[in-house]
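After the structure tokens below, expect a handful of questions from me.
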Amino acid sequence: MVDEQATIFAAAQRLPERERQILFLRFSEDLTQTEIADRVGVSQMQVSRLLRRSLQRLRDLIGERPQRD
């Protein structure tokens, strides 16, 4: 698990600062999208889009593809 965390952390460093901040607030601070939107100064919908895009970028950077059922 430590190796996975290190890989994700290294990949996240390649994301723009704003995307890293939103990921941190969501997954480290456990804030809702609405709470993040208030802190960052964007709409909840923008936070949703940024999260989705950031997570996809992380997957691409570490070479994972989401599993399909």
Side-chain angles (χ1 to χ4, degrees):
M1 186 147 105
V2 172
D3 286 340
E4 291 172 355
Q5 288 177 338
T7 299
I8 293 169
F9 180 79
Q13 295 305 305
R14 297 176 62 191
L15 296 176
E17 173 63 30
R18 184 168 159 185
E19 291 183 29
R20 286 195 314 265
Q21 179 186 19
I22 289 172
L23 288 170
F24 175 80
L25 292 171
R26 179 67 190 105
F27 296 106
S28 293
E29 298 293 318
D30 200 30
L31 297 182
T32 66
Q33 290 182 7
T34 301
E35 292 169 326
I36 295 168
D38 290 342
R39 284 211 189 168
V40 177
V42 298
S43 72
Q44 178 273 324
M45 182 58 72
Q46 286 173 298
V47 170
S48 176
R49 290 179 184 140
L50 286 166
L51 280 170
R52 185 173 47 246
R53 182 174 62 197
S54 300
L55 292 172
Q56 184 58 54
R57 285 182 181 175
L58 283 177
R59 285 184 198 103
D60 291 344
L61 287 167
I62 62 175
E64 284 188 15
R65 297 287 173 222
Q67 295 181 355
R68 306 273 180 194
D69 291 332

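Values in this document were obtained by computation on a predicted structure and should not be read as measured data.
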> Would V40 and L50 count as a side chain to side chain contact (heavy atoms under 4.5 Å, CB included) if you check the C-alpha gap in whole Å, the side-chain angles of each, and the deciding distance to 0.1 Å?
Replying inline: CA-CA 12 Å; V40 177; L50 286 166; over 6 Å; no

> Under 4.5 Å between any side-chain heavy atoms of R18 and V42, yes or no?
Replying inline: yes

> Are I62 and E4 close enough, and set up right, to give a side chain to side chain contact (heavy atoms under 4.5 Å, CB included), and what steps lead you there?
Replying inline: CA-CA 10 Å; I62 62 175; E4 291 172 355; over 6 Å; no

> Roughly how far, to the nearest 0.5 Å, is the CE atom of M45 from the OG1 atom of T34?
Replying inline: 10.5 Å

>> To the nearest 0.5 Å, what is the distance between OG on S43 and CD on Q33?
In response: 10.0 Å

> Considering residues, nucleotides and ligands other than R53, do more than 12 of their heavy atoms fall under 6.0 Å from its CZ?
Replying inline: yes

> Are any side-chain N or O atoms of Q13 and backbone N or O atoms of A10, one a donor and one an acceptor, separated by less than 3.5 Å?
Replying inline: no

>> Strictly distance-based, threshold 3.5 Å: is any side-chain N or O of R57 a donor or acceptor partner for the main-chain N or O of L15?
In response: no

> Once you round to the nearest 0.5 Å, how far does CZ of R26 lie from OG1 of T32?
Replying inline: 7.5 Å

> Rounded to the nearest 0.5 Å, what separation is found between the CZ atom of R39 and the CD1 atom of I22?
Replying inline: 12.5 Å

> What's the verdict on side chain to side chain contact (heavy atoms under 4.5 Å, CB included) for F27 and L55, showing C-alpha distance, side-chain angles and the deciding distance?
Replying inline: CA-CA 11 Å; F27 296 106; L55 292 172; 4.2 Å; yes

> With a 4.5 Å limit on heavy-atom distance, are the side chains of L23 and L58 in contact?
Replying inline: yes

> R49: what forms a side-chain hydrogen bond (donor to acceptor under 3.5 Å, both in side chains) with it, not counting sequence neighbours?
Replying inline: none

> Listed by chain and number, what are the salt bridge (Lys or Arg N to Asp or Glu O under 4.0 Å) partners of E17, not counting sequence neighbours?
Replying inline: R20

> Can you list the steps and then say if R14 with L61 is a side chain to side chain contact (heavy atoms under 4.5 Å, CB included)?
Replying inline: CA-CA 9 Å; R14 297 176 62 191; L61 287 167; 3.4 Å; yes

